[in-house]
Amino acid sequence: LWDASSSHQNLQWIITPISETKAPDPSENKTIIAYPNPIADKFTIEDVENSIIRIYDINGKIVFTTYISNAQEIIDISSFAQGIYYLKIIDKQENLILKLIKL
């Protein structure tokens with residue numbers, strides 16, 4: 001129960017987790033480099049050759065996917081809204097997740 005003091009109403013919120021839209025957990029592994037972070041328009045990601053890159057919004061929805069064949073890539077997210085995103089790097093050995101902040 002939440003008290004909306006300005007309107008003098010009580011509202012009930014029911015939150016049901018849905019595994020399909022859950023945002024991934026940030027990884028503790030620091031081998032991948034993504035900069036700058038926070039990001040204005042573009043960011044550079046290094047050491048990701050032969051990987052699939054996915055960017056998720058805060059609700060866990062995939063908003064960007066690409067295959068990276070180079071060791072270094074510049075990704076343009078200028079069309080994204082401001083907020084927090086998760087960058088998932090999928091390669092043959094492991095999956096890594098980094099938190100991104102879009103200004």
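Start at 1 with the first residue, then count along the sequence.
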*State whether the side chain of Lys102 and the backbone N or O of Ala40 hold a donor-acceptor pair below 3.5 Å, judged by distance alone.*
yes
*For Asn70 and Glu73, indicate whether the former's side chain and the latter's backbone hold a donor-acceptor pair under 3.5 Å.*
no
Does some side-chain heavy atom of [Y] sit less than 4.5 Å from a side-chain heavy atom of [X]?
| X | Y | answer |
| --- | --- | --- |
| Arg54 | Ile90 | yes |
| Ile97 | Leu87 | no |
| Ile89 | Ile45 | yes |
| Lys88 | Leu96 | no |

_Chi angles and distances behind the side chain to side chain contact (heavy atoms under 4.5 Å, CB included) call for Leu100, Ile39_ = CA-CA 7 Å; Leu100 303 175; Ile39 304 160; 3.9 Å; yes
*Interatomic distance, Glu49 atom CD to Ser69 atom OG [nearest 0.5 angstrom]*: 9.5 Å
*Between CG of Asp76 and CG of Asp41, what distance do you get to the nearest 0.5 Å?*
6.5 Å
*Do Tyr85 and Tyr56 make the cut of ring centroids closer than 6.0 angstrom?*
no
_Working note: Ile101 + Asn37, criterion side chain to side chain contact (heavy atoms under 4.5 Å, CB included); need CA distance, chi angles, decisive distance, verdict._
CA-CA 6 Å; Ile101 300 172; Asn37 194 11; 4.0 Å; yes
*Just do the side chain to side chain contact (heavy atoms under 4.5 Å, CB included) check on Thr65 and Ile53 with the steps written out, would you?*
CA-CA 6 Å; Thr65 301; Ile53 303 297; over 6 Å; no
*Are Tyr86 and Ile62 connected in the hydrophobic side-chain network, where two residues link if heavy atoms are under 4.5 Å apart?*
yes
*Examine Tyr67 and Ile55 and state if one hydrophobic cluster contains both, with Ile, Leu, Val, Met, Phe, Trp and Tyr joined whenever side-chain heavy atoms are less than 4.5 Å apart.*
no
*If you count the non-hydrogen atoms of other residues, nucleotides and ligands that lie under 6.0 Å from CD1 in Ile74, is the total more than 12?*
no
*Could you go through the side chain to side chain contact (heavy atoms under 4.5 Å, CB included) check for Phe64 and Ile77 one step at a time?*
CA-CA 9 Å; Phe64 179 84; Ile77 61 169; 5.7 Å; no
